[in-house]
Student: 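First the structure, then my questions, so here it is.
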Protein chains: 2
Amino acid sequence: MLNIQEIDADRLEMAASMLKAIAHPMRIAILKHLEGGKKLTVTEIHELLGIEQSTTSHHLGILKDKGVLCSRREGKNTYYYLKHDILSQIVDCLQRCTCE
Amino acid sequence: MLNIQEIDADRLEMAASMLKAIAHPMRIAILKHLEGGKKLTVTEIHELLGIEQSTTSHHLGILKDKGVLCSRREGKNTYYYLKHDILSQIVDCLQRCTCE
DNA sequence: TTAACAGATGCAAATATATGAATATTTAGT
DNA sequence: ACTAAATATTCATATATTTGCATCTGTTAA
């Protein structure tokens, strides 16, 4: 039996953890590369960003775990892509707000 | 002498720190209360959210420091308000993405 | 079945964040 | 000047996050 406040607290938690997942320079960079429905492998991302393979995998895992990304395995590769296209909005909004 | 990558890295850092400021359940709750140009005092927020005065002040300080909120002192009170109305977009977007 | 590639995971050290009690600062009223 | 109200700051503790090395798992091709 949940009351309104508990539901609200849960949704706040969920929203916060999703946002926390995004709130990292490398993870924002990942999202930028995935805008427009693009799908990239771990290796592609790790080379694009110039960071370690395992670090890349950790970041992607966090984004997937928090519902920001999805992944599909194809042979040896795992392709990652945005779960909700709308999320690009957040990146765009940030871009506008950090323009000054 | 900055090159493109450094500028980009700086903007990513800035975007991430702004987003990190927002990515906390209580701070998202604060933003919700400030949507539509509303201005609230520290005490009002601390009572609305049911958290300690000093904790509230910390949260507001973080949001202000990272460019999410502005504040204006009026007598004994300090009113806090959104710096960019656009930021409501982020909260709205989260709301849509955490609906499932 | 082995080798080689792609990705995930466990772990530890460094760093960052969150919270609240106590205290300091600022302002208004008397 | 004194007091009380509103807010900010300091500090300590608890907790979470980041990073990369080393290693493990899964997949393909020989």
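Chain naming here is simple, since letters A, B, ... match the order of the sequence lines and numbering starts at 1 in each. Basis for what follows: all heavy atoms, side chains included, without hydrogens, waters or symmetry-related copies.
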Student: Between K66(B) and S17(B), does any side-chain donor sit less than 3.5 Å from a side-chain acceptor?
Tutor: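 The criterion, which ignores hydrogens and geometry beyond distance, is not satisfied for S17(B) and K66(B).
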
Student: When you measure from the side-chain N and O atoms of H46(A) to the phosphate of dA8(C), is any distance below 4.0 Å, counting only OP1 and OP2?
Tutor: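 No, no such contact exists.
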
Student: Rounding to an integer number of Å, can you tell me how far K66(A) NZ sits from dA16(D) C1'?
Tutor: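 The distance from NZ of K66(A) to C1' of dA16(D) comes to 11 Å, rounded to the nearest Å.
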
Student: Quick one: E52(B) CD to dA8(D) P, roughly how many Å, whole number?
Tutor: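 After rounding, the reported distance stands at 15 Å.
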
Student: Can you check nucleotides 4-7 of chain C for protein contacts, nitrogen or oxygen pairs under 3.5 Å, and list what you find?
Tutor:
from, atom 1, to, atom 2, distance (Å)
dA6(C), O3', K76(A), O, 3.3
dA6(C), O3', N77(A), OD1, 3.2
dG7(C), OP1, V42(A), N, 3.3
dG7(C), OP1, T78(A), N, 3.2
dG7(C), OP2, T43(A), N, 2.8
dG7(C), OP2, T43(A), OG1, 2.0
dG7(C), O3', T78(A), OG1, 3.4

Student: For DNA chain D, whose closest nucleotide is more 5', that of T55(A) or that of K20(A)?
Tutor: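 It is K20(A) whose nearest nucleotide is closer to the 5' end.
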
Student: Test your reading of the model: is there a side-chain donor-acceptor pair from R27(B) to the backbone of H59(B), 3.5 Å cut-off?
Tutor: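 No: the side chain of R27(B) does not pair with the backbone of H59(B).
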
Student: Could you tell me whether R72(B) and E74(B) make a salt bridge, using a distance below 4.0 angstrom between a side-chain N and a carboxylate O?
Tutor: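 Yes, charged N to carboxylate O under 4.0 Å.
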
Student: For nucleotides 10-12 of chain D, give me every protein contact, N/O to N/O, under 3.5 Å, one pair per line with atom names.
Tutor:
from, atom 1, to, atom 2, distance (Å)
dT10(D), O4, H58(B), NE2, 3.1

Student: Would the distance check show the side chain of H46(A) and the main-chain N or O of I51(A) forming a donor-acceptor pair, the cut-off being under 3.5 Å?
Tutor: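 Yes, H46(A) side chain to I51(A) backbone: donor-acceptor pair under 3.5 Å.
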
Student: In whole angstrom, give the distance that lies between atom NE2 of H59(B) and atom C1' of dA8(D).
Tutor: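 In whole Å, dA8(D) C1' lies 15 Å from H59(B) NE2.
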
Student: May I ask you to decide if G75(A)'s main-chain N or O and R73(A)'s side chain share a donor-acceptor pair within less than 3.5 Å?
Tutor: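 Here the side-chain-to-backbone pair exists.
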
Student: How close do L40(A) and I45(A) get, heavy atom to heavy atom, and via which atoms?
Tutor: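 Scanning both residues, the minimum pair turns out to be CB-CG1, 3.8 Å.
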
Student: Tell me the interatomic distance from I62(B), atom CD1, to dA8(D), atom C1', rounded to whole angstroms.
Tutor: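 Roughly 13 Å, once rounded to whole Å.
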
Student: Grab the CD1-P distance between I51(B) and dT7(D) for me, whole Å please.
Tutor: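 One finds 13 Å between P of dT7(D) and CD1 of I51(B), rounded.
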
Student: Test C70(A) against every option in H84(A), K83(A), K64(A) by the side-chain contact (heavy atoms from CB on, under 4.5 Å) rule and name the one that passes.
Tutor: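 So, applying the side-chain contact (heavy atoms from CB on, under 4.5 Å) to C70(A) and each of H84(A), K83(A), K64(A), only K83(A) qualifies.
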
Student: Judged by atom type as modelled, is there a donor-acceptor pair below 3.5 Å linking the side chain of S57(A) to the main-chain atoms of Q53(A)?
Tutor: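 Between the backbone of Q53(A) and the side chain of S57(A) there is no qualifying donor-acceptor contact (under 3.5 Å).
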
Student: Whole angstrom is fine here: how far is it from CD in E47(B) over to C1' in dT7(D)?
Tutor: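 That distance rounds to 13 Å.
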
Student: Is it true that the NZ or CZ of K39(A) lies under 6.0 Å from the centre of Y81(A)'s six-membered ring and within 45 degrees of the ring axis?
Tutor: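 Because its charged atom sits under 6.0 Å from the ring centre and within 45° of the axis, K39(A) does stack over Y81(A).
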
Student: Whole-Å distance between dT19(C) P and L49(B) CG?
Tutor: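 Those two atoms, CG and P, are 11 Å apart.
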
Student: Can you tell me how far P of dA6(D) sits from CG of L60(B), to the nearest Å?
Tutor: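 The distance from CG of L60(B) to P of dA6(D) comes to 16 Å, rounded to the nearest Å.
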
